[in-house]
Each structure stands twice: as C-alpha cells, then as structure tokens.
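All residue numbers in this chain count up from 1 along the given sequence.
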Amino acid sequence: MIKSSAEIRQAFLNFFAQKQHQIVASSSLVPGNDATLLFTNAGMVPFKDVFLGAETRSYTRATSSQRCVRAGGKHNDLENVGYTARHHTFFEMLGNFSFGDYFKIDAINFGWEFLTSVLGLPKEKLLVTVYETDNEAFDHWANVIGVPVDRIIRIGDKSADKKFESDNFWSMGDTGPCGPCSEIFYDHGEEIWGGPPGSPEEDGDRFIEIWNLVFMQFNRQADGTMEPLPKPSVDTGMGLERIAAIMQGVHSNYEIDIFQGLIKAAADLLGCEDLEHKSLRVIADHIRSCSFMITDGVNPSNVGRGFVLRRIIRRAVRHGHKLEAKSHFFHQLVSALAEQMGEAYPELIKQQAIIEKTLRIEEEQFGRTLDRGMNLLSDVIANLTGDVIPGKDVFKLYDTYGFPADLTADIAREKELTIDQDGFDSEMQAQRERAQKASNFGTDYNDQIKSDKTTHFEGYDNHSFSSTIVELFNSEGSVSSLNAGDKGVIVLDNSPFYAESGGQVGDTGTITTDSGIFKVTDTVKLGNAFAHHGVAESAIQLNARANAAIDSARRSNIVKNHSATHLLHEALRQVLGEHVIQKGSLCDPDKLRFDFSHFEGVTAVELRQVEQLVNDNIRANFIRETALMDIESAKEKGAMALFGEKYDDEVRVVSLGSFSTELCGGVHVERTGDIGLLKITSEAGIAAGTRRIEAVTGIAAMTYVDEQADKLTTIANLVKSDAVNTVSKVEQLIAKSKQLEKEIAQLKQKLASQAGSDLINSAININGVKALIADVEGSDPKALREMVDDLKNKLGSGVVLLALANGAKVSLIAGVTKDLISKVKAGDLVKMVAEQVGGKGGGRPDMAQAGGTQPENIATALASVEAWLADKL
C-alpha cells in the first residue's frame, strides 16, 4: 500500500506519465524571469507564460511535484506555521496541467481515478465543490463519476457586488487567466469537529481540501470583462503533505513521516522531551524552507527574498531559544533534512555544506543582534513613562535592529510591562504600503506591451540581417508608423540583435528601411518576440523590409566579458570549492560583474590563483563549441545552469575547451584567446554569503594595467623613491607615522591628567558631598572618560560632570563614585543635562555619556546641576 511521502510523490508522477503527461522537474523557488512573485508559490508558476500564451512547450500535458514557499508578499502563511495542522512556509504541490489539450471532463476523471483507484481512498469519504454556475462540472460529478448530489456543494460569490470572487473561482491576478474550479475534500469523520465547505463550521478539521482542479477558460481584462481563452486549459494542485497525512492515518501534517523525522532530530539537538511542542513544529517547517531557498540561490539580507529568508531563520532560532537552546543548533538540522528528502532533491546533499554554513553564520549574527537589542530595549524601558512600550519603539527594534516583536513582548511580560501591539501593527502596515509602492510586484499583464509574434535570433554568426518589421509600438501602444524623433519599439521577424538575458546586456545598433533609420538603444525580450527599443531618426513604417545591423565593436567587447565570466565561474569553483554557485552576473561592453556564493573574503593569494587560471585558459586559445541537446543530456555532460534562468526542454550548451561547460543562450568569442587578458579590479561582499568580483578584459584590461603602473609611479614620486623600492619606502613612512601618533596620544594623556589636576581645585561641596562640574573647553573628546576616572580617584568620594563643545556637537560625561550611586545615578544626571543641550543619553549608575547639538546652552545646563544634585543628596 502506498503510504510514505516519497511513495505518494512517485505514484502521482507515474500515474500521469501513463496518461501521456510529460514529467517536469521542480523549478527553482525563485521564479525565472518573473518580477511579479517573490517565490514560486504554486505548481503552475513555472508554466505561467505557457498559460498566458507567451511561451510554447514541446508538450501539451505536464505533471510535476513543485517545491513552493508561502512566506512573503500576498501569499504569506508564516504567522500560522506551527500553530495549525496544515500551514507551512514550504510545501510540495503535486500537479497535472493541460495547455489547450484536455479540459474539465478529463481533469475530473484523472483526479477521481488517482484518489480512488491508485491511492485507494474510500469514495464515501470524498466530497466535492464546484463554482455555483458551473453546471458542466456538477453534472459530470453527479451523473458520470457518481458522487451523490448531497456531496456536491455549489460555492457562489462572496457577495452580490463582487462577481467571480469565490473560493471556487481561481484567478492568476486582478487581470489575466482565470476560471471556475472544483475542489475535492476528504472527510476525517464525525469525531473531528468541523463542517463541510460553505458552512459556518468550514474552518474545522473534519473536511480537508486535498485537490483543486482549476478550469482556466477566461482572460479577465482590467475593466472586468471576461474574454474566453482560445484554448481552455487545466491547472491542478494537491499538497503532498496533506494527502500524506490522510494516507498515513493522521490529522496533522506535522505527524507525517517527513516532519516526524525532523521534529525528532530537533528535539534531540535541543534536549526537548515534549515532541508535541509547537516550537519543534516551527523549527521542522522552517529548516525545509530555509534550506531550499538557499539551494535556489537566496541569501539572508534586508530586502526582498533575502529578508524573508532572514526572518524565517530568526523565527526558527527564536523558537530554539524558547526551548532553551544552549548553542547554535539550527544549521545542524540540514543533515536530517537531506536524509529525509535528499533522494527526491539531490541538491540538498550536494549543497549541504553551503546550506549549513549560511545558516550558522546567520545564527551567529542573530546572536549578536539579540545582545544589541537587549541593550537597546533596556534603554527604552529605563526611559519609559508608564507600563506600555510604544509601538514605534517596538517597530524600531524590529525594523532597524532585527529584534523580533514577540521577543520584545516576552521581555516586557517579565518586567510586568506590555507592548503597544496596535501601534506596532500600524507601523508595519505603513512599511508594507511603502514597500508595495516601491516594488514592481503585482504587474498587470494587460497593461504591458504585448506581442504574439516570434523573433528568430540570427545573431550568433551574423552582425547584420535582412528582416521585416512585424510590429511597431510607441508610448500609446501599437502603431503603424513612427515619425522622426519618436521613441518606440520595433519587433522584427528575424534579428541579429541579442535580447538582454543571462546577464548579457542587449545589443544596440541600427534598423534601416527605404524610408528611414531607427537607432536601437537596447534590446529586450517580449515573450517570444525581441523588442528593439530606440528612437526613429526618420519615418519608419510597419511591414517594411529592413536591414538590422548591430554595433559590432560593442558586441565584441560584450562577448569577451561574457566568455570570461564562464571561465571565471569555473576558476572560482576550482580554487575556492564546488560550493561556489553563480548568484548573478552582468556582462556589458566595459566590464563584467560576477556574484557568487562564498562565506568569507577571497584572499589576495586566491584572487591571484583565480586570475592566473582564467588567463591560462585564455592563452590556451580553446575553440568555443556549442551544441543543442535536451536538458537531461546537458546535465549528464556536466553543464552548469545559471542562477535565476529559465530553460526550455532543448538547451544550448557552451563549452570552452574542457575547462568550462555551461547552459547558456548568449553570444561568445570564437576562441578563448580572443578575450586577450582578464584583470580582476575588485572583490567584495554584497550580502551574507555572497561575494562580488568585477573585472575587465581585452583593451580595457590593458588600460587598467597601464593605469595601475601610472599610480605606482605617482606614489613613488610622492615618497621620493623609485618603483622598485616604493613598498619599503611607504612601510618606513607608515611606521614613522604610527610612532608619532603614539607619542601624540601620550602627550594628550599627560595634558588630560594635568587638566584634571587643575580641575580638582574647583570642586564644590553640596550637602557634604564633593562635586566637580566643569566645561573642559579645548580638551580631546576621546580623553574625557579617562579624565573622569582620574577625577573620581582624586575625589575619593564625589560626583563629576564634564561638558565639552566640539564644533556644533556637545559631549557630556558623568561619573559617580560607588558609595554614592544609591543616591545619584550617572545615567540620570547626564540625561538631565543632555536634554538641555539638544540631546539624550544614559548609561551605568557609575559612568554615563551623552551627546547634544546645542553648545550655546552648555553654561545654562551646567548651572542647573548644583540644584539637581542638592535635591538628590
């Protein structure tokens, strides 16, 4: 009997393969060439362009087990994870798809056959829903499949004024493909609370949706018009975790085999005996989403996908702390995950080391964040009026310092305080609105320039080509002509212009007709068409024959950088290790930029090794070879796929000798020797676990070498040396400078000590306590702390407050001997004075510092100290 998650996954794929469906491997969690989504959040996402008609495949039926994440943007289940039976940040979606092939009847038949015949689910345990007006689906379920009519539920619109807004009407977005759907539910039995879909008790756990059959038959326009699709299609999805829970006889997804293994591993690491603890569920879920995000090229950061990953990691670590984690634990769960899911997703095993290191570094950084946050929160609480921490302070701790709001709330409870949750939520909502306005997520498909044409790229070997203008666009949309001076877009049937892709920038050049010239400033993809952006220098007509010619000199520089990028990628892997994975690239005429995974700065020795390895392969003058093959053959050949790219079933493999083999549709040099020379110009970190190298090739590399030689000559002249002895001369000057700085510091210390001795005589007596209050004009701000310590020692018992104006800034420091801190606290004193000079501050009872911006108020502020101290003493 099929029971395990792995068995269910394979049985599903095998079933639909027997129904003439192409098995398609899971795509990346980072949607390829799709700016509208943070993550792949449904099984249909990799096929979105196929449904939209912008892409064609060699098959019309497909099936997949797609990894998905819902933890950011519109689809965000994060807060529910671990506390409900079925919410996850990461899940697998089993799906079968028809691209204009079969429709409702076959989709229903396939779904019912798999559930009842293959998995053997009792028919009486299943019920279905349909869209209220979808009589075709209702009739088939009732009259052909034989589902009793009382177990077929019609679900209508949520309100009369919101047509097509129903749980049984699916939409890709506010516009675009949509249609009714039919959902299949499993009845767990009367002993479980809950009602059927559409009832007031539908949120209970008795009736669980296991499969959604979407009948995509309309294209919704911006005005709400429903246009019938020329080829109605099918998109289905069944959560692997949900069906596994049913097959394994449990009510919670967290009780299935995959999760039980992870929960047990987490419990062992944390010494937790309660395997039902909600925090263990959170940790088990989060290790899956975090690990798969990292394998797909996402790294922790403060923006976009990286921010979502960072938030999930920190949430997992926080739940580990709730279970009294004694050390960094989260990264140690990767091995348990690889054991559970490595057979289905071998990339988990291949990248296990890089996943573990990414998580460990983030755990360590968050540990430091917790320490900083605790100090900042202590300041907030110390200055609090009342017993509620303001929402703005909670949000600042969270947004600026990464300190979780729930942790702030926990600490507040310990101190018998609360947080202003409404205020925090308001700040969060304002941030979301700012982010939405600044992002390009939520693109309206029907507002984009669209083309159903196909441009055949003829630019691998040709720099000019005779073509026909098949479409013209200006800022208003499709037009039949462009006039002189008009900005516009030309679509050709054949083009030598490379459209920006895979890091290689688009070509520029000219498109010339009998009537005019169009200056091409960029070339990008528009579905299957190439959009040549530019300006008409004279009249351009639709359907005219044209000569398309690229800027050959510019292209030559671009391809040098592109081919060098391939060599650089392999060289980094050989020098640093196979964990190096491309995270992004840019190849333009002037330089190349290459982002890659690595967890520490690349040393000068390593950079030299990488550079030498690339140049060795340039000098070897390998011929560039290209071949078209299916994706599996390419992988067997060892071809590396580039991060974030989406590949067709037939791919182009580019080999530079035996050194580099990658999947790439870009344009390259004919021989590696054409690159000439590569020089690395910079290496730096751009995010946790991600480094960036910039380099130049060809003439630009020679120019760079010449410029470095010129700089060396200039430095040699400045230090009165020659190029050969410049280094030793500079070292001598640096050593002398350090010695002088040391002598200056010693003199400043002596002056501060002398100033302290002079000040001690100005101490006053306040209620029997010595107090020294002074404006130490002309002193060094860095010496104030040492001066206060010295003065406290000389007073023996007393209070010291020093102020110093340094330009437009004020430095304040207070010191109180330990015998007096029960009466006077340095933090309170310095805060009182700081408020009068435009600042704020605080610190320990015996030592505190503050700043200000109103030096003109120093005298008045110091004059108030004596009365303040008299009241305390």
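Ser28 places a side-chain N or O within donor-acceptor distance of the main-chain N or O of Val30, the cut-off being under 3.5 Å. Checking side-chain atoms of Ser563 against main-chain N and O of Val669 turns up a donor-acceptor pair under 3.5 Å. In this structure a side-chain-to-backbone donor-acceptor pair under 3.5 Å is missing from Ser64 to Ser26. Side chain of Gln504 to main chain of Val667: a donor-acceptor pair is present (N/O by atom type, distance under 3.5 Å, no hydrogens or angles). Under the 3.5 Å distance criterion, the side-chain polar atoms of Asn41 are left unmatched by any main-chain donor or acceptor of Cys68. Although no hydrogens or angles enter the test, the distance criterion places no donor-acceptor pair under 3.5 Å between the side chain of Ser538 and the main chain of Ala484. Under the 3.5 Å distance criterion, the side-chain polar atoms of Ser464 are left unmatched by any main-chain donor or acceptor of Ala549. Between the side chain of Ser597 and the backbone N or O of Ile581 there is at least one donor-acceptor pair closer than 3.5 Å. In terms of modelled atom types and a separation under 3.5 Å, the side chain of Asn462 and the main chain of Gly459 share no donor-acceptor contact. A donor-acceptor pair under 3.5 Å links the side-chain atoms of Arg305 to the main chain of Leu38, judged by distance alone.
By the 4.5 Å heavy-atom criterion applied to side chains, Phe51 and Met216 are counted as neighbours. Thr681 is listed as a side-chain neighbour of Val696, based on a closest heavy-atom distance under 4.5 Å. Residues Leu628 and Val651 form no side-chain contact, since every pair of their non-hydrogen atoms from C-beta on lies 4.5 Å or further apart. At least one side-chain heavy atom of Ser27 sits under 4.5 Å from a side-chain heavy atom of Gln66. With a 4.5 Å cut-off on side-chain heavy atoms, Ile490 and Phe473 do not count as touching. Looking at heavy atoms from C-beta onward, Ile469 lies in side-chain contact with Ile540 at the 4.5 angstrom threshold. Using a 4.5 Å heavy-atom cutoff, the side chains of Asp595 and Ile686 are in contact. Between Leu567 and Leu678 the shortest side-chain heavy-atom distance does not fall below 4.5 Å.
Separation of atoms CG (Leu492) and OG (Ser466) is listed at 10.0 Å; rounding is to 0.5 Å. We find the CG-CZ distance between Leu572 and Phe594 to be 6.0 Å, quoted to the nearest 0.5 Å. Taken to the nearest 0.5 Å, the CG atom of Asn483 stands 8.0 Å off from the CD atom of Gln541. Going from atom CD of Gln609 over to atom CG of Asp616 covers 11.5 Å, rounded to the nearest 0.5 Å. Rounding to the nearest 0.5 Å gives a distance of 10.5 Å between OG of Ser65 and CD1 of Ile23. Summarising the geometry, atom CZ belonging to Phe99 is positioned 9.0 Å from atom CG belonging to Asp235; distances are rounded to the nearest 0.5 Å.
Counted within 6.0 Å of CG on Leu712, heavy atoms from surrounding residues, nucleotides or ligands total more than 12; the atom is thus considered enclosed. More than 12 heavy atoms of other shown residues, nucleotides or ligands fall within 6.0 angstrom of atom CD in Glu694. Atom CD of Gln708 has more than 12 heavy atoms from other residues, nucleotides or ligands within 6.0 Å. In this structure, Asp710 places its CG atom where more than 12 heavy-atom neighbours from other residues, nucleotides or ligands lie under 6.0 Å away.
We find that Arg691 and Glu683 are joined by a salt bridge, their nearest charged nitrogen and carboxylate oxygen being less than 4.0 Å apart. Checked for salt-bridge contact, Arg608 and Glu606 miss the test: no charged N lies under 4.0 Å from a carboxylate O. A salt bridge is defined here as a Lys NZ or Arg NE, NH1 or NH2 lying under 4.0 Å from an Asp or Glu carboxylate O, and Lys679 with Glu611 meets this definition. Salt-bridge formation is not detected for the pair Arg652/Glu662: no Lys NZ or Arg NE/NH1/NH2 atom is positioned less than 4.0 Å from an Asp or Glu carboxylate oxygen.
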Fill in: Working for side chain to side chain donor-acceptor pair (under 3.5 Å), residues Asn299 and Thr690
CA-CA 7 Å; Asn299 279 300; Thr690 302; 2.6 Å; yes
Item to complete: Tell me, with the steps shown, if Asn617 and Asn615 meet side chain to side chain contact (heavy atoms under 4.5 Å, CB included).
Response: CA-CA 5 Å; Asn617 282 277; Asn615 285 314; over 6 Å; no
Item to complete: Applying side chain to side chain donor-acceptor pair (under 3.5 Å), run through Thr295 and Glu347 and close with a yes or a no.
Response: CA-CA 7 Å; Thr295 64; Glu347 55 267 44; 5.3 Å; no
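With hydrogens and angles left out, the side-chain atoms of Asn96 and Thr63 include no donor and acceptor closer than 3.5 Å. For the residue pair Ser495 and His532, a side-chain donor N or O sits within less than 3.5 Å of a side-chain acceptor on the partner. Side-chain N/O atoms of Arg220 and Ser171 include a donor and acceptor closer than 3.5 Å. Side-chain atoms of Lys560 and Ser556 form a donor-acceptor pair, as typed in the model, at a separation below 3.5 Å. In this structure, a donor-acceptor pair under 3.5 Å is present between the side chains of Ser585 and Gln582. Looking at Arg67 and Thr40, their side chains never bring a donor and an acceptor atom within 3.5 Å of each other. Between the side chains of Gln574 and Glu570, at least one donor N or O lies within less than 3.5 Å of an accepting N or O. If you check the side chains of Thr703 and Asp706, you find no donor sitting under 3.5 Å from an acceptor. For Ser98 and Arg61, the side-chain atoms include no donor-acceptor pair closer than 3.5 Å. For the 3.5 Å distance criterion, the side chains of His463 and Ser552 qualify, holding a donor opposite an acceptor. Looking at Thr697 and Asn561, their side chains do bring a donor and an acceptor atom within 3.5 Å of each other.
Under the 30°/60° scheme for interplanar angles, the aromatic rings of His668 and His566 are found to stand perpendicular. In this structure, Phe457 and Phe530 have tilted ring planes: the angle between them lies in the 30° to 60° band.
Aromatic rings of Tyr498 and Tyr460 (six-membered ring for Trp) have centroids beyond the 6.0 Å cut-off, not under it. In this structure, the ring of His569 has its center no less than 6.0 angstrom from the ring center of Phe596.
The heavy-atom pair separating Val653 from Ala639 by the smallest distance is CG1-CB, 4.2 Å.
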